[in-house]
Visitor: 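Before anything else, here's the structure in question.
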Amino acid sequence: MTTTADYHEKIPNNVSLHEDRRLQRALESWQPNFLHWWQTMGPTLPTQDVYLRTAVNVGREGWAQFGHVAMPEYRWGIFLAERDPGRKVGFGEHEGEPVWDKVPGEYRAELQRLIVIQGDTEPASVEQQRNLGATAPSLYDLRNLFQVNVEEGRHLWAMVYLLHAYFGREGREEAEELLHRNSGSLDSPRILGAFNEETPDWLSFYMFTYFTDRDGKYQLGTLKESAFDPLSRTCEFMLKEEAHHMMVGTTGVDRVVQRTVEVMREHDTDDVAGLGAIPLPVVQKYLNFHYSVSLDLFGGETSTNVANYYTAGLKGRWLEDRRKDDHKLTSDAIMVDALTENAGGELAIGQTEVLALTGLNTDLRREYISDCQGGVKRWNRILEEGGVKQRLTLPHVAFNRKVGAFAGIEATPDGEKLSAGEWQRRQGEFLPTEVDKTYVRSLMRPVYDRGKIAAWIAPPRNGINGQPFDYDYVHLA
Ligand code: BYC
């Protein structure tokens, strides 16, 4: 069982931090460094307060308390989901054994690596989004941005807690490094590619929260299966918060598409660029970019790392307990995307059979892809209901990949292989060009009046926590 949350401590928590003075002191000495990082690398727009959801405990009542909060005073806490005392390892060679409360020595390096990679993404996204407040399309959107930011900060706390509590001096050093690497830095970048890309405008932000936060959902879903119980419980609780981030992305793109359709119909034209809306081909190019860099986040199609993680019980599959197999996969096979030789001896986009264990990144990426289809279906429904004939699509898995089987080739969004020269000539058809980005940025002017919205996006259908759209979600400084 978890203890009741202690919200009066310097670091709110439900892990009985006060019972371990050394750990408490170590985390309390990391806290000012975190706050310094937040002040220097976090949101740049000065605010008095923001209508935020704060987790004060993990139960039904506790994890979503709403109120106006001055952001630097947000109570970033450490909250793990309730412990299930009978929980057993669900897969791999330890299947059926009790889960672990401590880190087994033989898996220490691997677990630390997984936690560091997860932890590295959280502050990275805050850094990527730090300037967006200056161009928010409404107070509602501004509040959602800050909600996402403070919760990514809390997710960093979640990983830092694990590093401090279970990985000794090395863990403490890694926790420091999480504040020293920075998104896009040439000297010390963030670990994964997508987290070094810019998020310079709100269309990028919605695409990021739809596609890249959704990678978070799937990666956290596999770490929730972990035999290392504190990691599992942390991820379970993080997933609750993650749902809101994806809602921001899903409905954000909904609203962009909605507004574009309205302007297309009003003026009876597809060419809405001069009319203050975002043309559908530009939306498609942004989608192509964010989807393809997010596919890279799943690693290679085949990976011995992932096979080892699974066999050891460190990282499971998405919804492991619903899989109808032996949960060991030692004699199973899976088809994965690959470059194969065609009859003429040329490399072609194809598939190949590999051991199911080494294909686990592919298995997870496929779950993710089918989830992503849901958004495209939804956006296309808006197009259909608006009476326009264009449709959005997810590009082919080989398109614009920098990691895995297709990293060395170029392909169109339809999956047609291109030579390097053709790619150079044609990539502006598929990915946002400087002209597209400049146009989108030109639309990004802040709208900070209550109940008002920028002209390139439709208002949301619902406000936050039952409040109306014209609520005072943010008080600017
Ligand atoms: N960029 O064996 P492979 C989130 C490296 S998002 C750069 O295929 P593996 C969030 C890889 O490290 C979720 N490098 O990799 C979202 C390896 O290096 P080494 C984040 C990459 O281990 C929005 C080599 O290439 N959580 O929470 O099977 C906002 C060979 O690769 C990349 C996690 O990812 C890349 N994209 O799979 C806020 C969970 N991909 O060992 C938050 C933890 C691979 O040769 N991480 N490499 O030096 C993992 O599960 C795995 O490490 C990965 C990679 C899925 C990332």
Side-chain angles (χ1 to χ4, degrees), residues 109-130 145 147-159 162 174 178 181 183 189-197 199 204-226 228 231-232 234-235 238-239 241-246 248-249 290-312 314-318 336-338 354 357-365 367-368 400-407:
E110 284 89 347
L111 271 171
Q112 184 174 308
R113 179 172 184 273
L114 285 169
I115 292 167
V116 166
I117 294 178
Q118 180 61 48
D120 192 67
T121 63
E122 314 289 0
S125 67
V126 176
E127 292 165 357
Q128 288 170 296
Q129 295 162 15
R130 66 188 303 245
L145 168 72
Q147 182 72 59
V148 168
N149 292 163
V150 292
E151 284 174 354
E152 300 302 6
R154 208 199 66 72
H155 294 177
L156 169 61
W157 270 97
M159 292 301 121
L162 295 178
E174 290 287 5
L178 289 172
R181 281 186 294 273
S183 178
R190 292 296 177 183
I191 298 170
L192 299 177
F195 294 90
N196 289 303
E197 301 289 347
T199 313
S204 299
F205 175 63
Y206 299 132
M207 291 293 177
F208 183 96
T209 41
Y210 186 82
F211 289 110
T212 307
D213 276 276
R214 193 168 306 272
D215 168 50
K217 166 180 164 184
Y218 282 84
Q219 298 294 348
L220 290 172
T222 61
L223 296 177
K224 181 172 88 90
E225 305 290 341
S226 183
F228 178 43
L231 175 61
S232 162
T234 303
C235 291
M238 288 162 74
L239 277 165
E241 292 170 326
E242 209 58 57
H244 173 262
H245 306 187
M246 282 174 290
V248 169
H290 287 275
Y291 175 69
S292 55
V293 299
S294 300
L295 288 185
D296 278 345
L297 292 173
F298 292 83
E301 282 67 17
T302 58
S303 160
T304 47
N305 281 342
V306 77
N308 294 337
Y309 295 154
Y310 187 83
T311 303
L314 311 183
K315 183 179 177 188
R317 284 173 294 176
W318 178 250
V336 299
D337 297 313
V354 300
L357 273 175
T358 53
L360 282 172
N361 284 344
T362 294
D363 178 82
L364 189 63
R365 182 161 29 232
E367 296 285 343
Y368 167 84
N400 193 38
R401 296 293 303 282
K402 304 284 183 278
V403 173
F406 303 126

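Position 1 is the first residue of the sequence; numbering continues from there. First listed ligand is number 1; within each ligand, the first listed atom is number 1. All values below were derived from every heavy atom in this structure, side-chain atoms included, with hydrogens, water molecules and symmetry-related copies excluded.
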Visitor: Going by heavy-atom distance to atom 56 (C) of ligand 1, choose the closest among Asp213, Leu297, Thr121, Leu223.
Guide: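 Nearest option to atom 56 (C) of ligand 1, by heavy atoms: Leu297.
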
Visitor: Just say parallel, tilted or perpendicular for the rings of Tyr368 and Tyr291, cut-offs at 30° and 60°.
Guide: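 Because their plane-to-plane angle is under 30°, the rings of Tyr368 and Tyr291 count as parallel.
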
Visitor: From the options Gly249, Ser303, Ser294, select the one whose nearest heavy atom is closest to atom 2 (O) of ligand 1.
Guide: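 It is Ser303 whose heavy atom sits nearest to atom 2 (O) of ligand 1.
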
Visitor: Could you tell me whether the side chains of Glu197 and His290 share a donor-acceptor contact shorter than 3.5 Å?
Guide: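 His290 and Glu197 do not have a side-chain donor-acceptor pair below 3.5 Å.
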
Visitor: Thr234 and Ala158: which non-hydrogen atoms are nearest, and at how many Å?
Guide: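 Where Thr234 meets Ala158 most closely, the heavy atoms are CG2-CB, 3.3 Å.
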
Visitor: Kindly indicate whether atom 5 (C) of ligand 1 is approached by any protein heavy atom to under 4.0 angstrom.
Guide: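 Protein heavy atoms within 4.0 Å of atom 5 (C) of ligand 1 - there are none.
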
Visitor: Any protein heavy atom sitting closer than 4.0 Å to atom 47 (N) of ligand 1?
Guide: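 For atom 47 (N) of ligand 1 the answer is no, since every protein heavy atom stays at 4.0 Å or beyond.
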
Visitor: Out of Gln219, Lys217, Glu122, Glu151, who is nearest to atom 34 (O) of ligand 1 when you count heavy atoms only?
Guide: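 Residue with the shortest heavy-atom distance to the ligand atom: Gln219.
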
Visitor: Can you name the salt bridge (Lys or Arg N to Asp or Glu O under 4.0 Å) partners of Asp337, sequence neighbours left out?
Guide: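 Checked Asp337 against salt bridge (Lys or Arg N to Asp or Glu O under 4.0 Å); zero matches.
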
Visitor: In the protein, what heavy atom is nearest to atom 12 (O) of ligand 1, and what distance, to one decimal place, separates them?
Guide: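 The closest heavy atom on the protein side is Arg113 NH2, 2.7 Å.
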
Visitor: Go through ligand 1 atom by atom and flag the ones less than 4.0 Å from a non-hydrogen atom of Leu114.
Guide: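 Listed by number with element: 43 (C), 46 (N), 49 (C), 50 (O).
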
Visitor: At under 4.0 Å between heavy atoms, is it the side chain or the backbone of Ile117 that contacts ligand 1, or both, or neither?
Guide: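 Answer for Ile117: side chain.
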
Visitor: Testing the basics here: between Leu314 and Leu223, what is the closest heavy-atom pair and its distance to 0.1 Å?
Guide: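 Smallest heavy-atom distance, with atoms named: O-CD2, 4.3 Å.
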
Visitor: Nearest protein heavy-atom contact for atom 36 (N) of ligand 1: which residue, which atom, what distance?
Guide: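 Ranking protein heavy atoms by distance from atom 36 (N) of ligand 1, first comes Asp296 O, 3.2 Å.
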
Visitor: Applying a heavy-atom cut-off of 4.0 Å, say which part of His245 lies close to ligand 1: side chain, backbone, both or neither.
Guide: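 Under 4.0 Å from ligand 1, His245 contributes no heavy atoms.
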
Visitor: Looking at every heavy atom in both Met159 and Gln118, which two are closest together, and how far apart are they?
Guide: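 Heavy atoms of Met159 and Gln118 come nearest at SD-CG, 3.9 Å.
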
Visitor: Closest approach of Thr222 and Arg317, non-hydrogen atoms and distance?
Guide: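 Between these two residues, the closest heavy atoms are CG2-C, 4.0 Å.
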
Visitor: Around atom 13 (C) of ligand 1, find the nearest protein heavy atom and jot down its residue, atom name and distance.
Guide: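 Protein heavy atom with the smallest distance to atom 13 (C) of ligand 1: Asp215 OD2, 3.3 Å.
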
Visitor: Take atom 30 (C) of ligand 1 and look for protein heavy atoms under 4.0 Å from it; say yes if you find one, no if not.
Guide: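 So far as the 4.0 Å threshold goes, atom 30 (C) of ligand 1 is out of reach of every protein heavy atom.
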
Visitor: Whether the Ser232 and Ser226 side chains hold a donor-acceptor pair (N or O, under 3.5 Å, no angle test) is what I'd like checked.
Guide: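 No pair is found: no donor N or O on one side chain lies under 3.5 Å from an acceptor on the other.
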
Visitor: Relative to ligand 1, is Leu192 under 4.0 angstrom through side chain, backbone, both or neither, heavy atoms considered?
Guide: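 Leu192 to ligand 1: contacts from backbone and side chain alike.
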
Visitor: Taking 4.0 angstrom as the limit and counting only heavy atoms of Lys315, give me the atoms of ligand 1 inside it, by number and element.
Guide: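 In order of numbering, the contacting atoms are 49 (C), 50 (O), 55 (C).
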
Visitor: By side-chain hydrogen bond (donor to acceptor under 3.5 Å, both in side chains), which residues pair with Arg401, not counting sequence neighbours?
Guide: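 Partners of Arg401 under the side-chain hydrogen bond (donor to acceptor under 3.5 Å, both in side chains) test: Asp296.
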
Visitor: What protein heavy atom lies closest to atom 1 (N) of ligand 1? Include the residue and the distance to one decimal.
Guide: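 Answer for atom 1 (N) of ligand 1: Gly193 N, 3.0 Å.
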
Visitor: Does NZ or CZ of Arg214 fall inside the cone over Tyr210's six-membered ring, less than 6.0 Å from its centre and within 45° of the axis?
Guide: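 Satisfied, under 6.0 Å and within 45°.
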
Visitor: Which atoms form the tightest heavy-atom contact between Ser303 and Asn361, and what is the distance?
Guide: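 Minimum heavy-atom separation between Ser303 and Asn361: CB-ND2, 3.4 Å.
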
Visitor: Quick check on side-chain contact (heavy atoms from CB on, under 4.5 Å): which of Thr121, Asn196, Ile117 does Arg190 satisfy it with?
Guide: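 With Arg190 as partner, Thr121, Asn196, Ile117 yield a single side-chain contact (heavy atoms from CB on, under 4.5 Å), made by Asn196.
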
Visitor: Report yes or no: does Ile191 have a heavy atom closer than 4.0 Å to ligand 1?
Guide: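 Checking ligand 1 against Ile191, which is what was asked, there is a heavy-atom contact under 4.0 Å.
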
Visitor: Is it true that Tyr218 lies under 4.0 Å from ligand 1, counting heavy atoms only?
Guide: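 It does not; every heavy atom stays at 4.0 Å or beyond.
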
Visitor: With heavy atoms of Phe195 as the reference, note each atom of ligand 1 found under 4.0 Å away.
Guide: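 Atoms satisfying the 4.0 Å criterion: 6 (S), 10 (C), 16 (C), 23 (C), 29 (C).
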
Visitor: For ligand 1 and Glu152, I'd like to know whether there is a polar contact (N/O to N/O, distance under 3.5 Å).
Guide: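 No: no nitrogen or oxygen of Glu152 is under 3.5 Å from one in ligand 1.
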
Visitor: Identify the protein heavy atom lying closest to atom 44 (C) of ligand 1, giving its residue, its atom name and the separation to 0.1 Å.
Guide: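 Protein heavy atom at minimum distance: Gly299 CA, 3.9 Å.
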
Visitor: How far apart are the closest heavy atoms of Phe205 and Val148, and which atoms are they?
Guide: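 In this case the closest contact between Phe205 and Val148 is CZ-CG2, 4.5 Å.
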
Visitor: Do His244 and Gln147 have side-chain N/O donor and acceptor atoms under 3.5 Å apart?
Guide: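 Result is no, nothing qualifies.
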
Visitor: With the threshold set at 4.0 Å, does a side-chain nitrogen-carboxylate oxygen contact exist between Glu301 and Arg365?
Guide: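 So Glu301 pairs with Arg365 through a salt bridge.
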
Visitor: Can you find a protein heavy atom under 4.0 Å from atom 18 (O) of ligand 1?
Guide: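 There is a protein heavy atom less than 4.0 Å from atom 18 (O) of ligand 1.
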
Visitor: Find all atoms of ligand 1 within a distance of less than 4.0 Å from any non-hydrogen atom belonging to Ser125, and give their numbers and elements.
Guide: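 Near Ser125, meaning under 4.0 Å from one of its heavy atoms, ligand 1 has 29 (C), 38 (C).
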
Visitor: Do Arg181 and Asp120 meet the salt-bridge criterion of a basic N to acidic O distance under 4.0 Å?
Guide: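 So Asp120 pairs with Arg181 through a salt bridge.
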
Visitor: Out of Val116, Asn305, Asn361, whose heavy atom sits nearest atom 37 (O) of ligand 1?
Guide: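 Nearest heavy atom to atom 37 (O) of ligand 1 lies in Asn361.
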
Visitor: Numbering the atoms of ligand 1 from 1, which are under 4.0 Å from a heavy atom of Gly300?
Guide: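 Per the distance check, 3 (P), 8 (O).
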
Visitor: Which is closest to atom 26 (N) of ligand 1 in terms of heavy atoms, Gln118, Met159, Lys402, Met238?
Guide: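 Nearest option to atom 26 (N) of ligand 1, by heavy atoms: Gln118.
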
Visitor: Would a search of protein heavy atoms around atom 22 (O) of ligand 1 find one under 4.0 Å away?
Guide: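 Within 4.0 Å: yes, protein heavy atom nearby.
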
Visitor: So which heavy atom in the protein is nearest atom 16 (C) of ligand 1, and how far is it from that ligand atom?
Guide: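 Sorting protein heavy atoms by distance from atom 16 (C) of ligand 1 puts Thr212 O, 3.4 Å first.
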
